[in-house]
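Following: one structure in structure tokens, then a few remarks.
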Amino acid sequence: MASKGAGMSFSRKSYRLTSDAEKSRVTGIVHEKLLNDYLHRIFSSPDHVPPAATSRKPLNFQNLPEHLDQLLQVDNEDEESQGQVEGRLGPSTVVLDHTGGFEGLLLVDDDLLGVIGHSNFGTIRSTTCVYKGKWVYEVLISSQGLMQIGWCTINCRFNQEEGVGDTHNSYAYDGNRVRKWNVTTTNYGKAWAAGDIVSCLIDLDDGTLSFCLNGVSLGIAFENLSRGLGMAYFPAISLSFKESVAFNFGSRPLRYPVAGFRPLQDPPCADLVRAQRLLGCFRAVLSVELDPVEGRLVEKESSEWQLQGQPTILLTLAHIFQRFAPLLRKVYLVEAVLMSFLLGITEKGTPAQAQSLVHQVLDLLWLFMEDYEVQDCLKQLMMSLLRLYRFSPIVPDLGLQIHYLRLTISILRHQKSRKFLLSNVLFDVLRSVVFFYIKSPLRVEEAGLQELIPTTWWPHRSSREGRESKEVNEETAEERLRRRAYERGCQRLKKRIEVVEELQVQILKLLLDNKDDNGGEASRYIFLTKFRKFLQENASGRGNMPMLCPPEYMVCFLHRLISALRYYWDEYKASNPRASFSEEAYIPPQIFYNGKVDYFDLQRLGGLLSHLRKTLKDDLASKANIVIDPLELQAATMDDLDEDDEATPAGTQVWQRPMQALAIGGALPLPRPGWLSSPTLGRANRFLSTAAVSLMTPRRPLSTLEKVKVRTLSVEQRTREDIEGSHWNEGLLLGRPPEEPEQPLTENSLLEVLDGAVMMYNLSVHQQLGKMVGVSDDVNEYAMALRDTEDKLRRCPRQRKDILAELTKSQKVFSEKLDHLSRRLAWVHATVYSQEKMLDIYWLLRVCLRTIEHGDRTGSLFAFMPEFYLSVAINSYSALKNYFGPVHSMEELPGYEETLTRLAAILAKHFADTRIVGTDIRDSLMQALASYVCYPHSLRAVERIPEDQRIAMVRNLLAPYEQRPWAQTNWILVRLWRGCGFGYRYTRLPHLLKTKPEDANLPSLQKPCPSTLLQQHMADLLRQGSDVAPSFLNSVLNQLNWAFSEFIGMIQEIQQAAERLERNFVDSRQLKVCATCFDLSVSLLRVLEMTITLVPEIFLDWARPTSEMLLRRLAQLLNQVLNRVTAERNLFDRVVTLRLPGLESVDHYPILVAVTGILVQLLVRGQASETERATSVLLADPCFQLRSICYLLGQPEPPAPGTVLSAPDQKRFSLQSYTDYINAEELAQVEQMLTHLTFASAQAAAASLPTSEEDLCPICYAHPISAVFQPCGHKSCKACINQHLMNNKDCFFCKATIVSVEDWDKAANTSTTSSAA
């Protein structure tokens, strides 16, 4: 490009400005006098005092450059102000010292102004220091964690534990802990939040140091600073892992300038003056119109200005932009001049007028500036806008945020600017999702919420499903008035927030426009490319913090994206009747296997994509007409085996890490990892480390052609036709299976956006929704504390003034905290948990359900579906059920019952689906089903699914427990029974309520909601299948034996540790495992109780080949449990008495009532013949002790026959003490059982004959020999051999293979032997 000097010819686009003499009168339409008046009006002197018309020099386009030079001439003082200034040492451009002024591991931005902590407590200072005068710099807080911001001298030495403020001559403010630091620490200032700006001021004339938060002074923090020779102070910060900030030393206009204090970096004063004068000229062009007919100038509003192609105006603008263009590439000038000008436009006139004028200004920028100039200008403009939006304080009407969003919309409405920003800036340079975020105010008083919501209210109990609600009094009239006033305030807040949200949706609608493809690719397809890369970076960065997009931003982005997506979806439906409404949206299954959409390394239901392509290639060919190239398939397989040794993709440079940088611990010039986000909204690319090791290996380059993608294009290479398709190409829908309808759902590009929205929810949105519930939980906790305090105040004697004073003080603290939290909760409900947000999540849930249902119909190809679709279906339902209450209920949603039933059908079918191989997703499905059957509404939904699906689900639940997650399966069966078992109707553990009846924080269980329908299915399956019952019950008995044995072993270790003289602490993990084993034992016993109650013949009908063995095994385990738990002053008693935290659920009641339920069913409720069999087996077990049965009713010894039971000892355990949970009929059955066993054991003792030792079973020495093995002839009792043959076919003694087992009777065999002799 030619020089821009005055009087020299240069070219700029299609306009040529020249000084040729022969064109001295080139004026276009206007005559010379009108041109002179016009140019003098436009290029008036800086003081705006118009010279007399007779004295001023005539102006035309020949002498205009000279006039402009004079107009833009700046005083020498302004020119020389740049550079060294008294009181400051160091470079004039102030940045962070990345060469030696740091400690620890840090990530620094491209511009050396943003920093992210990547170690325990890293420290970094600036390159410039001050020793005299008054100075200020600003810090933009990107995260509100642990940081110490302030000043230090060059002699301060820091480490990973001590940072700024922890040494002499270093001073810091910590808004996380609300303290100031200088070796010691005291309270100071206010808490900061992400989005705040801290101003750090140092007055070296008076020796004071102070801070401001969002322009509000926090007062003097330190006085009597050390000054003098060698004392100079650097801006510095220490920050912990993941925390991030951005500095503004003066490279941009200070957000909150302080009178009398200078920024460390001087502003470009001379250029600023020139830019402001040129802007004044430009404003004059917009407000003055030429009237060549009348020969005069017409003043008009700049908002009404229209570019009409008049040569005089165009040449005038060309002269202005000749000098303005270079200035508009500078960050400071863009923010101080152009940004202010454009914001002024949006303030005046109607939104339509403002957008029109901004559109024309952008037209002029593209017309008169070189492409690289306007691109730099737009980049800086968008970065400034994003920074202003993000770091603006929350005001009651959200006016600042609305203002910046409107300007953003005006810029993005300009098609050429939008496409440039989408292609090069919004996702590549900026964290543009900030535009869709509405930050939550940490300090409600500064946000004006006190005026907006003057009356506060909070619910008096948690209404979330699954928590036991305490009975409370009816709402009083005063409470009702407060609640209604609070709700009105919440509605006012919501309406203001909705204005911002609507503007954010408008931005996304612009980015998703697909009708602006004239002269290039439409915006939507640029957005798709960037959006997919954005998802890849976040998916790849999971677990590596900081991520590109924080979860709180992702939540807002998702909701705005859903609104824009549904708008375009329904708009397409309006013009294409065969398409579907957004209410019927889903993702067609072919998208998951045709390779048109990149799912990165995300797991599929059937495993790795390369494995699926190899094993299901025949199904792909037959069902979807997709053929896999064997050579490409082989390449994909090798790529999976050797990820680290892949070839460098074409178009990328091979990068090698310089070992010299590692050795000296300097700045490592690593490539920019895509998942790292800078606090200045860009990307960090410098790793600063004082350790001589590498802490990160760069990920594979993004946007390269993945080798596992067979016959497909990379994201960047796709065109509109590749996505939308054409008459011969189905685009994204290539490979439609026969089960899918032929008519299109919508535009293919919208399907990909929808797929990305589902992925976004899975990446971090669900996690953030759960996190924000913490505010509601805090309200509940403080409300409970306030009620307790008020109760104590009412009970406190009036004469105890000291106690009354403390209680009153506590009451005031809790009330103030609740006022603050209730207003914050209103904000959270409006931005995160509103009815509209709930409908968005509900819509996403229904999308996933339909997608899973359609995918399931494809048979084996269902394995190609990404796992996250099932995860989002499970998690979104959980969020709707648990996070949006009590304000909004899921039951109010349209189609609620149908949705519950569809989800129930999916869980019931797929929790044991062999097409799903991932352990994590299988566990998630199992846990979701277990949760589903806990609550009445969802359990009824399970009962509504088709009968064949219910039976198949129960059959899968009854499969043997070995080699699968049996504990979750067992919990599901237990929850189907809970409420039907013996003493099994409690919602809080009864033994805890007996010891701590006033403790409201005791763990609570779900209310019992048994399913008789599913119980009946279980009973039918156990009866009908000859192998179902034995295999299921043997696995239950095996797991019970293991769980209870593990529990006993652990409590032995706990008891030994507690008895040692030295102080010992039991590992909390060991306590947790111990309690889990106990709970598992109880639940397994309950499943056995359910089985015996529903199908007693499995144990008691000895015509069945396995009944006797199962009954003997059951009796053995029941006696083992009873003996361990009921022995006097035994191990179990001592551990229970310790009341260790973590072992609250371990007590006599839960396990003894479960055992009692089984015994009562066997010995009392059955038929006489069955009862006799069960009694004989129980008494025949050598471990049986009648005293254990007596223990259940608090009796130390068995009662004499015919006597009445004595009253139980109050100090002993007795079921009679739990009459709130065990009814009179059940207690009577226990007494009947004790009477029956007492009589039966007495009879057995009288009838039993002494048995010689040689006639006892040589294995158990408890039963007489009753079986002989063939062919070896060895003998044992039937119980031992039957149990042994379950797992082994070899003889106990000789290891010969047992062919058969025959009954053996000593007397019969003896007589046979004698007769033979």
Kindly say whether [Y] contributes a backbone atom to a donor-acceptor pair with the side chain of [X] at under 3.5 angstrom?
X: Lys439; Y: Arg390; result: yes
X: Tyr389; Y: Tyr437; result: yes
X: Glu138; Y: Arg255; result: yes
X: Ser423; Y: Phe420; result: no
X: Thr316; Y: Thr312; result: yes
X: Asp516; Y: Gln415; result: no
X: Lys348; Y: Gln353; result: no
X: Asn576; Y: Tyr572; result: yes
X: Asp69; Y: Leu72; result: no
X: Lys419; Y: Glu521; result: yes

Electrostatic pair Asp37:Lys33 at N-O distance under 4.0 angstrom: yes

Residues Arg329, Glu370: salt bridge by 4.0 Å N-O rule: no

Minimum-distance pair of heavy atoms, taken over all atoms of Leu338 and Cys377: CD2-SG, 3.4 Å

Stepwise side chain to side chain contact (heavy atoms under 4.5 Å, CB included) check, Leu510 with Ser523: CA-CA 8 Å; Leu510 290 170; Ser523 297; over 6 Å; no

Phe557-Tyr553 aromatic ring centre distance below 6.0 Å: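 No - the distance between ring centres of Phe557 and Tyr553 does not fall below the 6.0 Å cut-off.
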
Pair Phe321 + Phe282: ring centers closer than 6.0 Å: yes

Chi angles and distances behind the side chain to side chain contact (heavy atoms under 4.5 Å, CB included) call for Leu39, Phe61: CA-CA 9 Å; Leu39 293 179; Phe61 289 121; 4.1 Å; yes

For Glu502, side chain to side chain contact (heavy atoms under 4.5 Å, CB included) partners two or more places apart: Gln506, Lys509

For Glu501, all residues meeting side chain to side chain contact (heavy atoms under 4.5 Å, CB included), sequence neighbours excluded: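 Partners of Glu501 by the side chain to side chain contact (heavy atoms under 4.5 Å, CB included) criterion, ordered by chain and then number, come out as Ile438, Ile497, Glu498, Gln504, Arg560, Lys837.
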
Audit row: Ile507, Leu412, side chain to side chain contact (heavy atoms under 4.5 Å, CB included) steps and yes/no: CA-CA 7 Å; Ile507 292 176; Leu412 292 177; 3.6 Å; yes

Partner residues of Asp271 under the salt bridge (Lys or Arg N to Asp or Glu O under 4.0 Å) criterion, sequence neighbours left out: Arg274, Lys330

Which residues share a salt bridge (Lys or Arg N to Asp or Glu O under 4.0 Å) with Arg566, sequence neighbours left out: Glu583

Derivation of the side chain to side chain contact (heavy atoms under 4.5 Å, CB included) call for Leu449 and Leu493: CA-CA 8 Å; Leu449 293 187; Leu493 174 63; 4.0 Å; yes

Over 12 non-hydrogen atoms of neighbours within 6.0 angstrom of NZ in Lys379: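 Incorrect, the count does not exceed 12.
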
Neighbour count above 12 (heavy atom, 6.0 Å) for Gln73 CD: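 Atom CD in Gln73 is not packed in, count stays at 12 or less.
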
Within residues 401-410 or reaching into it, pairs that qualify as side-chain hydrogen bond (donor to acceptor under 3.5 Å, both in side chains) - sequence neighbours excluded: Glu347-His403

pair Arg323-Leu278: side-chain heavy atoms closer than 4.5 Å: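 A side-chain contact under 4.5 Å exists here.
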
Within 45° cone of Phe43 ring axis and under 6.0 Å: Arg277 NZ or CZ: no

With sequence neighbours excluded, residues passing ring pair (Phe, Tyr, Trp, His ring centres under 6.0 Å) with Tyr256: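 With neighbours one apart ignored, the set is empty.
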
